[in-house]
Every structure is written in structure tokens, then in C-alpha cells.
Amino acid sequence: MTAADRIDELRRWIAEADRAYYQLDAPTVPDAEYDRWIRELQALEAAHPALSRPDSPTRRVAGAPSPAFAEVRHAQPMGSLRTVMADDEAAVAAFVERIRKAGGEGEPRFSVEPKIDGLAVSLRYENGLLVQGATRGDGATGEEVTANLRTIRALPLALRLPPGQTPPALLEVRGEVHMPKAAFERYNAQAIARGEKPLANPRNGAAGSLRQLDARISAGRPLAFFAYGVGQVAGLELPPTHSATLRLLGTFGFPLAREIDVATGLEGLLAYHRRIGAARAALPYEIDGVVYKVDDRALHEVLGSTGREPNGSIAHKFPAQEELTVVEGIDVQVGRTGAITPVARLQAVSVGGVTVTNASLHNADQIARLDVRVGDTVVVRRAGDVIPEVLRVLPERRPCRADGSPQHPAFALPAHCPECGSAIERAEDEAVARCSGGLHCPAQRKQALLHFASRRAMNIEGLGERLVEDLVDFGAVKTVVDLYRLSLDDLLAMKRRADARDGVMAETVKSGKIPTRWAENLLGGIDQSRNTTLERLLFALGIREVGEATAKQLARWFGSLDALMAADVEALLAVPDVGPVVSARIHGFFAEPQHRAIIAELRAAGLHWPEGPAQGMAQGPLAGKSVVLTGSLDSFTREVAGAHLEALGAKVVGSVSKKTALLIAGEEAGSKLDKARELGIEVWDEAALIAFLQAQGRLPSV
DNA sequence: TGGCCTCGAGTTCA
DNA sequence: CTCGAGGCCA
């Protein structure tokens, strides 16, 4: 591709993305990708000045004003910030060095702030009253959106001044309009319930809301505001530092981001970047970086600006949370219950600082909804900052044949299990398709073994994915019972065959001695698991619909395995939280002769657990109450605290709802605490919990 | 019957 | 964390 072609292509892509973003309020391309296009285009135009054109998108910063609103010329231009990528510490160091040279002796001081992901506005207060509000637009000219801004509750319509003090003749306050995460989610849930189109993301929600022509629509949107600076001023002496100016704005009644701070020198800046980066997910609003501003106002002015970018400030970004990548293939995985899950194999891409190569596509419906195909360019993000997720496909980037038809067909689930060849079936009313092979399917067998060995089930240390894979592939283990029959010799023989298959030179040959440590550890882990509890065993068996909570309930209700196995459907229905579906599953499981045989053999292999009489309903001072634990506790883990509460009759659940009776909030409690406050649910801190447990005699009093 | 609550199951990477 | 589905209550 020639430079001219590439320039054309980039200009076309950018124009499309601009249109989607600014006119349709529905972004198609992640910001990080957009930034890269702009930078690449700038570089190409610099290298080939002949190809530069006055209408190139690099000639404007952002946002053509929409024709629907009156234009406002900013008396003092609203500049943009030079941005530094997350990993470019050298650029931050260079910035600090420049400031140090200009500033004379000592480490320079900075006002440091989170960079709110919203929409910059300028608010004009004349004689203390809000008279005009405008968007940033292209920096020189923005849109007049006063009526919409007035609907934002957080904005003072008049400056708050001590009695008797004359308001300044003119004060322009700059800040960021944004939509807090919780408000965004609430709004979307309601929008969906009303059958309206949900907002794409909080930032877009804020931008779209401000640009509503009907201010009543803006008023219905949960917008918030943080001040970050001032523009034109008359009749007011500003303090000598930026941080003091922000505090002054605070006294005038403007909301300020809580994370605003001051920092000294390079180390101080980088520490702030790390601190806010770590807290990012827990903040109630979206941020995409932090901003460093020279605190000394005079020095900031001396430093001047380059183009529209002040030299005394930079934005230090965080790693992008959304990225573009290409789908290299779509595989299917087989789960413990036979569930077939399609997985997108992705070209490796760094999202939020972590390399992502796989993303679950959940099920056939999801694939159909997204219409993902091999070769597609897709937007990926890490949902809840952890799990990669394919958000959408860029259809215009789909590889095509000469005749314009797509190169790859729409994805279809295979008819047969890739692991065992059994038919794949999908029940009428269910979203998931399943392999019908049952335990004949090696994939299901492996998953069943892993589940059995997992921490919350039998907790067999040393038995991981690789090992299970080999144990099943070489026929050393077929059912969970076989685990308890393994000998050291079996394991070593299997290891030799696995090494031979992988072409690994046997360690025996190299060193002359047999490494047996891993095998001994595994046998030790298996042996320890013989001593267990009924609820762990029930969970480990992998009965469909019986997870940890149900297993716990069954164990306490029946007290012994024999009582449970003897129970008919009727008796099972009496157990709380067990209905017709679950009771049929349990009864069906124990009716299978092979399952009864496995249980008998596990007992014969030495598995044992305490049994007692049937206990029925939970008793105790917290009987019948749902309790949620969140945040981190100092004196014990959430698990241990939960066990204490359960012993007092409480039901420990994971999420806060109207039915929650009590929330125990440790350090750094996040959204659950917010929700509990909102619902008016009783909240205890760790000290209150400890005092309660002591009063109940579950903890020694001090 | 509909609308919560919960639970179960599946998932990624270091 | 998220989706889907079971259980329970109005």
C-alpha cells in the first residue's frame, strides 16, 4: 500500500468514526484505536507534506459543532492536554525535567487530578450568576447548551459566597460533565425496561444528554459535574497555586473530584498514577488517566503553550480498556455438564495492560446477535476489568471476496462433539447446546474430575488441569474412584508415557535419578481429601443444579448421606430452595446404579465425613436472615466470617437486594456498599461484626 | 403469571 | 463477572 493510499484510508476511517461519534452519538471504534489512526496520519502527513490537505482530520482537534445549537466563541480558548501513554514513563520524566529547568531550585510541585471521562464544558458566571454554558467544541468555538447544563443538580446556579461579599464581575469555570457509573447502569436498566435504546457508555451518555435539544430530556439524565480549572476572570484575585484555586472553587459550591491531590517530583507523579490506576475500577465514575499540572500559577504561565496544548500540564493515560483485534478462529469447548461454549481465538492484543487471546462467545445466540465470523475485526473489552468480552464487530472491516460477498460463512455450531463425536443437542427452550456423550466424553470426564478436585469441593492439592489431562488420556483414571487407587508406580509410568509423547527426554536418563516429588505431593493431597464433609462431597459429585449452596442445604437438612439417598422426590421438595427441577435431578442421580456404585467405592476407599441427625431449618439469632459480606476484613477472611454467621443461622449470599437483612462492609467496600445504602439496608463495619460475634460467644472477648 | 432473588455454570490471565 | 434459569411469593 502506498503512503497516499494509506492516508486516504485513514482519512476515510477517521471521518466515519467522527460521524458515528459526533452525529450519531454511537461510537464504533475504541478511543485507543482512533488515537493511533490520528497519530499515524500525522506522521504520514509530516513525512509527505505534498499529501497534506487543509481539510485533513488532523487539522482539527475534535467535534464539529452541531448546526442545531448556537455557537459560542470561548473568550479564552479551551485547550487540550498533551497525552502520554500509560507505559511511557520516560515522557513523564522529560516533562518533569523541563519544569525543573524552568522552575529553578527544588522539586516542582504538581496539582494531580483524575482525568474524568466525560465532556468538558465552560460555565460563565457574571456577578455570581450562571449566564452561559458551552461545550468545548473545537477549543475555540463550542455549542451553547446553557439550558441543558442548568438541569445538572450538582452545578451551582449562583456562586456560594459569604454574606456581604461581592461576587466577581466575571468567572469562567471549566470542568467535566459526566455520568457516574451507578447512575448510568440504573438509567440503562430503566431505559431497557421502557423499551428504549440504552446508552453505549457513560461518557457518551453524558455527551448525548447535553446535546439534547429538549432540556427536559437532559433533566431526566443523571449527570454530574467536577470543576478542574478557570478561564476568563474579572474582579477576583486568584490564589497563587492551582490547587488553592480548586479549593476556592470548592468554597463557591463546585463539586471537586475526591482524588484531587498534590504531588512532588517524578516519583510523586508516578506513585499517584499507580494509586489511582489501582483504585480505578472502584471509583464511582469512569476515568481514562490522570492529569499533572504545575501547581505554581506564575510558573505555569511562564511555560506557555505549544499550539493549543499548555506546556505546564499533561495527561497520563491508563492502559486502554477497549481494543480492536482480529478473530483468528472460533473453537468450541465442552464443559463439565456437556455444555458447548464457542470461544473466539483472537490475535493477541493488550487490553487494560493484559494480553488477551481468547474470549468466550457464550452460546450460539450470542454469536448470532454479534454475527462474529473468522477474520472479523472486533472490539474487545475486559468486562468488570477481568474477563475478556467481544463487544461488537466492525462490519466494514470484514474480509470480502472479489464479488463483495464475505469470505467466511456465518458461524454454525457443529453437529457432533469435537471431543467424542457424540451428537450435540439443544433443548427447545434452552440457550445452551450440550454434548450427549455424558461420561463417555473425555472432555466431560476431565471437567468432572477437575470439579471434584477443586478447592471448594474435595480440595485435592496437586491435581491441576495438565495432570488431569494426562491421567485421562493415558487411561490411568476414568472415574473419581480411580484417583483413590493410584499408586506411585502408576503415576510415574504415566509420566514416562507423557514425556515420550511430548518428545521430552526422560529426566531419568539425564540425571540418573527419578524425580518423584510431584507424584508424592499428589498422593498426599488425595489422601488428605479422604477426610471431608458431607456438603463438600455432595458438591464434588457434580449433580446437575446442585452447587455449593444447595449441597450445604441438603447436608444440613438430611444430616447423613444414607438419609439423602433414601429420600424420594416428595421428601426432597421439602428442602428450602429445592423445587421440582432440582429434586428430580437429585433423585435421578442417586437412582443410577453406577452412581450408587461410585459412592460405595468412595466409602470403601476410605472417604469419611462427620454425620449427624437431620437438622431442618437453620436456628440461631440470625435465622432466616440474608447477610452479604463485602470488602476486605482484617481479623479474618470473608470465608471464616461467613462460617461464623452461618453458625448463627444466617444465610450468606453474594449480592445485595431488597431481601438482604445486613451488609458487613470491610475495607474498600465498593458498589455493594453503595447499593446497600441506597436500599437503606443495615450496614456493619468489622468492629460491629466482631462485637456481635463476641456477644454471641463465637469469639473470645478481649 | 410475573417479577424478584438466588444459584449454577462457564470464563481469562498471571 | 455475567448470563440463564430455578424457586418462591404476591
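Residue numbers start from 1 in every chain, and the chains themselves are labelled A, B, ... in the order their sequence lines are given, proteins ahead of strands.
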| Contacts of A:Val640 that satisfy side chain to side chain contact (heavy atoms under 4.5 Å, CB included) - sequence neighbours left out |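 A:Val640: side chain to side chain contact (heavy atoms under 4.5 Å, CB included) contacts with A:Phe636, A:Thr637, A:His644.
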| query | Of the residues in residues 441-451 of chain A, which ones touch DNA chain B at a heavy-atom distance under 4.0 Å? | reply |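 Listed by number, there are none.
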| request: Check each residue of residues 325-340 of chain A for a non-hydrogen atom within less than 4.0 Å of any atom in DNA chain B, then write out the ones that pass by number, or none. | output: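 Listed by number, they are A:Gln333, A:Gly335, A:Arg336, A:Thr337, A:Ala339.
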Without decimals, in angstroms, what is the distance between [X] [atom1] and [N] [atom2]?
X: A:His362; N: B:dT12; atom1: NE2; atom2: C1'; value: 12 Å
X: A:Arg434; N: B:dG8; atom1: CZ; atom2: P; value: 14 Å
X: A:Glu465; N: B:dC13; atom1: CD; atom2: C1'; value: 12 Å
X: A:Arg456; N: B:dA9; atom1: CZ; atom2: P; value: 14 Å
X: A:Leu572; N: C:dG7; atom1: CG; atom2: C1'; value: 15 Å
X: A:Lys658; N: B:dT6; atom1: NZ; atom2: P; value: 11 Å
X: A:Leu370; N: C:dC3; atom1: CG; atom2: P; value: 12 Å
X: A:Leu361; N: C:dC3; atom1: CG; atom2: P; value: 13 Å

| query | Are any of the side-chain heavy atoms of A:Phe318 and A:Val290 separated by less than 4.5 Å? | reply |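 Touching, per the 4.5 Å side-chain cut-off.
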Which of these nucleotides, [options], is closest to any side-chain atom of [X]?
X: A:Val343; options: B:dT12, C:dG6, B:dC7; value: B:dT12
X: A:Arg544; options: C:dG6, B:dA9, B:dC7; value: B:dA9
X: A:Lys651; options: B:dT11, C:dG6, B:dT6; value: B:dT6
X: A:Val653; options: C:dG6, B:dC7, B:dT11; value: B:dC7
X: A:Val581; options: B:dT11, C:dG7, B:dG8; value: C:dG7

Donor-acceptor pairs are to be reported for all side-chain atoms of residues 568-582 of chain A against protein atoms at under 3.5 Å, with residues two or more places apart or in another chain.
from	atom 1	to	atom 2	distance (Å)
A:Asp568	OD1	A:Glu570	N	3.4
A:Asp568	OD1	A:Ala571	N	2.9
A:Asp577	OD2	A:Lys651	NZ	3.0

Treating [X] as the side-chain partner and [Y] as the backbone partner, does any N or O pair qualify as donor plus acceptor under 3.5 Å?
X: A:Arg536; Y: A:Arg455; answer: yes
X: A:His316; Y: A:Asp88; answer: no
X: A:Arg596; Y: A:Phe590; answer: yes
X: A:Glu611; Y: A:Leu561; answer: yes
X: A:Lys181; Y: A:Leu283; answer: yes

Check nucleotides 8-10 of chain C against the protein and report each pair of N or O atoms closer than 3.5 Å, with its distance, or say if there are none.
from	atom 1	to	atom 2	distance (Å)
C:dC8	OP1	A:Asp577	N	2.9

Just to confirm, is there a sub-4.0 Å distance from OP1 or OP2 of [N] to any side-chain nitrogen or oxygen of [X]?
X: A:Asn358; N: B:dT11; answer: no
X: A:Ser626; N: B:dC5; answer: no
X: A:Thr355; N: B:dC13; answer: no
X: A:Lys552; N: B:dT6; answer: no

| message | Would you call the rings of A:His595 and A:Phe589 parallel, tilted or perpendicular, taking 30° and 60° as the class edges? | response |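 Ring orientation of A:His595 relative to A:Phe589: parallel.
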Show every donor-acceptor pair shorter than 3.5 Å between a side-chain atom in residues 457-472 of chain A and any protein atom, with sequence neighbours excluded, or say none if there are none.
from	atom 1	to	atom 2	distance (Å)
A:Asp470	OD1	A:Arg501	NH2	3.0

| Contact summary for A:Leu689 and A:Ala641, nearest pair of heavy atoms |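 Nearest heavy atoms, A:Leu689 then A:Ala641: CD2-CB, 4.1 Å.
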| query | Rounded to the nearest 0.5 Å, how far does CG of A:Leu538 lie from CD of A:Gln553? | reply |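 Here the rounded value is 12.0 Å.
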| request: Looking at every strand, decide which applies to A:Glu548 at a 4.0 Å heavy-atom threshold: base, sugar-phosphate, or nothing. | output: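 Sugar-phosphate contact only.
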| request: Before accepting this row, confirm whether a basic side-chain N of the pair A:Glu425/A:Arg434 lies closer than 4.0 Å to the acidic partner's carboxylate O. | output: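 A salt bridge is absent here (no side-chain N lies under 4.0 Å from a carboxylate O).
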